[in-house]
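In this text, all values refer to a predicted model and were calculated from it rather than measured experimentally. Every heavy atom of this structure was used, including side-chain atoms; hydrogens, water molecules and symmetry mates were not.
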Amino acid sequence: MSSSNGVAAVTEPAEPVPGRAAGPATAAAPGYRAGRTLPLRVEAMRQWRRRRTMVMALVLGALPFILIAAFAIGGGPDREGGRVTLMDTATASGANFAATCLFVSAGFLLVVPVALFCGDTVASEANWSSLRYLLAAPVPRARLLWSKLVVALAFSLAAMVLLPVVALAAGSVAYGWGPLELPTGGSLPAGDAVPRLTLVVAFIFVSQLVTAALAFWLSTRTDAPLGAVGGAVGLTIVGNVLDAVTALGSWREFLPAHWQFAWADALQPQLEWGGMLKGAAVSVTYAVVLFALAFRGFARKDVVS
């Protein structure tokens, strides 16, 4: 209720308003601006200082050096049966090595940081019993979710960029700077290879929006961060298994996993957009629905932790 002078009464409890953490008393506080609560830079610094962020950065940054050591010990990739794959051209140049690192990690390794950053962000606050204090700051619920989602997606993108950047630098030192040799024959000049690899990273990020949205939705539904992260990774693996069931026929085209390697079309002499556009459309559709469910459910959730 409001008093006669227009200021909300503090002593009378008010019905909670969906999407807002504060009661009417804080809404009338002088200088209060909902859009200025929980700035992105504050949330980004909070997430950057988390140990899991440092560990994930070290794992992704170390992968190219592990592969270089493996090729040095094993003597380079073997070409069996005359069929050339992307792995067979890994040591041809730095660009080839970066493409190979993306190939071996896109199916699972890059799924983990996306699920970790998006699935841990809200659930960890609930697990620490700090979520209710953030909302009492007061940070509106929609503002809290937007801040956490934007930062989580930014960290996920940074993880996907870190791997090929380190791989390109390390590969160029180990194997030289040169054209990108294509498994289908021919090559791309080094100047064209970098934009193509950038397109590959962009598509992988878009294709992983489904995992991000699933993890984020689970994060708003549970107080267990491991449950949200593990659930997102587990369901992503289930999607990969279903895509391997050829008996499903054309139904597999509705699975995001069916298009996860459509970025290979970017590593062709002539750039092909068909598969990547279809894959992006499927991923974005699922992601929008799951993000909407996360915001809708959290606006009505009784936060007690």
Keeping [X] on the side-chain end and [Y] on the backbone end, is there a donor-acceptor pair under 3.5 Å?
{"X": "Ser219", "Y": "Val122", "result": "yes"}
{"X": "Asn96", "Y": "Glu181", "result": "yes"}
{"X": "Thr222", "Y": "Leu218", "result": "no"}
{"X": "Arg196", "Y": "Leu188", "result": "no"}
{"X": "Thr89", "Y": "Ala92", "result": "no"}
{"X": "Thr121", "Y": "Phe117", "result": "no"}
{"X": "Arg252", "Y": "Asp243", "result": "yes"}
{"X": "Thr220", "Y": "Trp217", "result": "yes"}

* What is the distance from atom CD of Gln47 to atom CG of Asp120, rounded to the nearest 0.5 Å? ->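 Taking CD in Gln47 and CG in Asp120, the distance rounds to 7.0 Å.
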* **Gap between atom CG of Leu248 and atom CG of Leu255 - 0.5 Å precision** =>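 Going from the CG atom of Leu255 to the CG atom of Leu248 covers 7.0 Å.
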* Phe203 and Trp259 aromatic centres sub-6.0 Å ->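 No; Trp259 has its ring centre 6.0 Å or more from that of Phe203.
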Please set out all donor-acceptor pairs under 3.5 angstrom arising from side-chain atoms of residues 276-286, sequence neighbours excluded.
| unit_1 | atom_1 | unit_2 | atom_2 | d |
| --- | --- | --- | --- | --- |
| Ser283 | OG | Gly279 | O | 3.1 |
| Thr285 | OG1 | Ala281 | O | 2.7 |
| Tyr286 | OH | Phe254 | O | 2.8 |

* **Sequence-distant partners of Arg296, salt bridge (charged side-chain N to carboxylate O under 4.0 Å, His left out), two or more places apart** =>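 Once residues adjacent in sequence are excluded, Arg296 has no partner under the salt bridge (charged side-chain N to carboxylate O under 4.0 Å, His left out) criterion.
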* To do: Please list all pairs passing the side-chain hydrogen bond (donor to acceptor under 3.5 Å, both in side chains) test where one or both residues lie in residues 197-208, with sequence neighbours left out.
  =>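 Listed by first then second residue: Gln208-Thr211.
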